[in-house]
Amino acid sequence: MRLFDPHIHMTSRTTDDYEAMRDAGVRAVVEPSFWMGQPRTSPASFLDYFDSLLGWEPFRAAQYGIAHHCTLALNPKEANDPRCAPVLDELPRYLVKDQVVAVGEIGYDAMTPAEDKALAAQLQLAADHGLPALVHTPHRDKLAGLRRTLDVVRESALPLDRVLVDHLNETTVRDAKDSGCWLGFSVYPDTKMDERRMVAVLRAYGPEKVLVNSAADWGRSDPLKTRKVADLMLAEGFTEDDVDRVLWRNPVAFYGMSGRLELDVVPPEATHEGNSLLRGGE
């Protein structure tokens, strides 16, 4: 079984997770840039973070035979801090990097005017750079947030079929599907979707343009949720082809629109910036 986790924050995880993911069948990941918990206070801290997503994390992933790509953006939460706004001016030089396969996470947190401005600007950047966009739908007022998101996308230069709306659930899936966007679902231990709800959504709406992710981060989350969804799909009567479509071919198709998706893992150099990862090893 080959698995692709299309939204996971490996910066927040240990190398033990990479090893467990590899054993579970994960062969590729996309890591969206996101809010790291502690608010950032200057653009420089974003740029160091972007550099790590382009260097250190691909190095760590390659140690375990996992292809690592990223999406870059000014995230919705920090779009409200005027100290972070200059990140928008820095993004163009990062969006040309080979491992950047989308602009994201963009979208809404509290649905403020500042978030409106950042979302519109970054949809334009995606269109300008020939990239798809990964959109974070808000955790509160989800349906209203999705509809507001879709309105902004429709007014942008980026076609709806180059947009992945993530963190969907039963209340938002119909509107998202009807829009023509790609559909993203985050499966968590306690919040968002769980495996059984995910399988029920797949049964009701089908596997077309559906991406399932763990969105694992620094909170209580599980980087093996993609495998658990795959196992339950098989137990509930879905075919191996259905599983491969949802958990491999769909994310490959979406991020492949960037023209930059490379799934063959090149063995890494012995060190990255002087670090070999071999704590106490020979």
Side-chain angles (χ1 to χ4, degrees), residues 6-12 30-57 68-141 145-146 148-158 162-167 181 184 186 213 215 217-219 254-255 258 260:
H7 183 151
I8 184 168
H9 301 290
M10 293 307 299
T11 295
S12 308
V30 167
E31 178 163 0
S33 58
F34 80 134
W35 182 61
M36 296 185 71
Q38 173 67 33
R40 284 170 281 216
T41 60
S42 75
S45 57
F46 280 85
L47 304 188
D48 286 339
Y49 173 49
F50 293 167
D51 287 340
S52 74
L53 295 181
L54 291 164
W56 175 240
E57 282 308 320
H68 181 287
H69 296 79
C70 66
T71 76
L72 300 182
L74 172 62
N75 68 80
K77 190 174 183 69
E78 288 173 306
N80 292 295
D81 189 335
R83 296 174 298 181
C84 300
V87 173
L88 294 173
D89 298 324
E90 300 288 347
L91 275 170
R93 67 187 176 96
Y94 280 93
L95 296 179
V96 298
K97 303 290 186 180
D98 287 343
Q99 287 167 295
V100 180
V101 292
V103 175
E105 296 178 60
I106 59 177
Y108 286 114
D109 177 56
M111 290 185 279
T112 65
E115 292 170 25
D116 287 330
K117 181 178 178 180
L119 174 56
Q122 292 181 101
L123 288 169
Q124 185 62 54
L125 284 174
D128 291 344
H129 287 82
L131 293 172
L134 169 61
V135 177
H136 168 103
T137 57
H139 300 303
R140 303 173 298 278
D141 298 324
L146 172 70
R148 184 163 170 176
T149 297
L150 294 176
D151 286 343
V152 176
V153 174
R154 290 186 181 105
E155 294 171 0
S156 78
L158 192 67
R162 293 179 67 84
V163 174
L164 169 60
V165 285
D166 211 344
H167 308 314
C181 289
S186 301
N213 65 72
D217 57 18
W218 28 249
F254 177 75
Y255 288 115
S258 68
R260 300 175 183 172

Report task. Determine, stepwise, if the pair Ser12 / Asp217 fulfils side chain to side chain donor-acceptor pair (under 3.5 Å). Result -> CA-CA 5 Å; Ser12 308; Asp217 57 18; over 6 Å; no
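- No more than 12 heavy atoms of other residues, nucleotides or ligands lie within 6.0 Å of CG in Asp141, so this atom counts as exposed by the packing criterion.
- Note: Arg140 CZ to Asp109 CG = 5.0 Å, rounded to the nearest 0.5 Å.
- Checking side-chain atoms of Tyr108 against main-chain N and O of Thr149 turns up no donor-acceptor pair under 3.5 Å.
- Of the candidates Leu53, Leu54, Val30, Val100 forms a side chain to side chain contact (heavy atoms under 4.5 Å, CB included) with just one, namely Leu54.
- Contact detail for Leu74 and Ala85: the closest heavy-atom pair is CD2-CA, 4.4 Å.
- Between Phe34 and His9, the two ring planes are parallel [angle under 30°; tilted spans 30° to 60°].
- For Arg162 (side chain) and Ala127 (main-chain N/O), no donor-acceptor pair under 3.5 Å exists by modelled atom type.
- Between the CZ atom in Arg40 and the OH atom in Tyr49 there is a gap of 6.0 Å [rounded to 0.5 Å].
- Closest non-hydrogen pair, Ala126 versus Ala133, comes out as CB-CB, 4.4 Å.
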Query raised in the report: Where do Asp151 and Arg148 land on the salt bridge (Lys or Arg N to Asp or Glu O under 4.0 Å) test, with the steps shown first?
Result: CA-CA 5 Å; Asp151 286 343; Arg148 184 163 170 176; over 6 Å; no
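- Rounded to the nearest 0.5 Å, atoms NZ (Lys77) and NE2 (His136) are 9.0 Å apart.
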Requested in this report: List the steps, then state whether side chain to side chain contact (heavy atoms under 4.5 Å, CB included) holds for Leu164 with Cys181.
Outcome: CA-CA 6 Å; Leu164 169 60; Cys181 289; over 6 Å; no
Requested in this report: I would like to know whether His139 and His167 meet side chain to side chain donor-acceptor pair (under 3.5 Å); could you show each step before the answer?
Outcome: CA-CA 8 Å; His139 300 303; His167 308 314; 5.2 Å; no
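- Between the side chain of Ser52 and the backbone N or O of Glu57, no donor-acceptor pair lies under 3.5 Å.
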Report task. Before giving the answer on side chain to side chain contact (heavy atoms under 4.5 Å, CB included), spell out for Leu72 and Leu91 the whole-Å C-alpha distance, their side-chain angles and the decisive distance to 0.1 Å. Result -> CA-CA 8 Å; Leu72 300 182; Leu91 275 170; 4.2 Å; yes
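- The minimum heavy-atom distance linking Glu78 with Trp35 is given by the pair CD-CD1, 3.2 Å.
- There is a side-chain donor-acceptor pair under 3.5 Å between Glu31 and His68.
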Report task. Take Phe50 and Val87 through the side chain to side chain contact (heavy atoms under 4.5 Å, CB included) test and state the conclusion after the steps. Result -> CA-CA 11 Å; Phe50 293 167; Val87 173; 4.1 Å; yes
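- A search for side-chain hydrogen bond (donor to acceptor under 3.5 Å, both in side chains) contacts involving His69 returns nothing, not counting sequence neighbours.
- Among residue pairs with one or both ends in residues 79-94, those qualifying as salt bridge (Lys or Arg N to Asp or Glu O under 4.0 Å) are Asp81-Arg83, Glu90-Arg93; sequence neighbours excluded.
- Side-chain atoms of Ser33 come within 3.5 Å of backbone atoms of Ala73 as a donor-acceptor pair (strictly under, hydrogens ignored).
- Evaluation of the side-chain hydrogen bond (donor to acceptor under 3.5 Å, both in side chains) rule for Asn213 yields Asp166, Ser186 as partners, not counting sequence neighbours.
- We find the OH-CG distance between Tyr94 and Leu125 to be 14.5 Å, quoted to the nearest 0.5 Å.
- Using modelled atom types and a 3.5 Å distance limit, the side chains of Glu105 and Thr71 yield no donor-acceptor pair.
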Requested in this report: List the steps and the verdict of side chain to side chain contact (heavy atoms under 4.5 Å, CB included) for Val96 and His129.
Outcome: CA-CA 7 Å; Val96 298; His129 287 82; 3.8 Å; yes
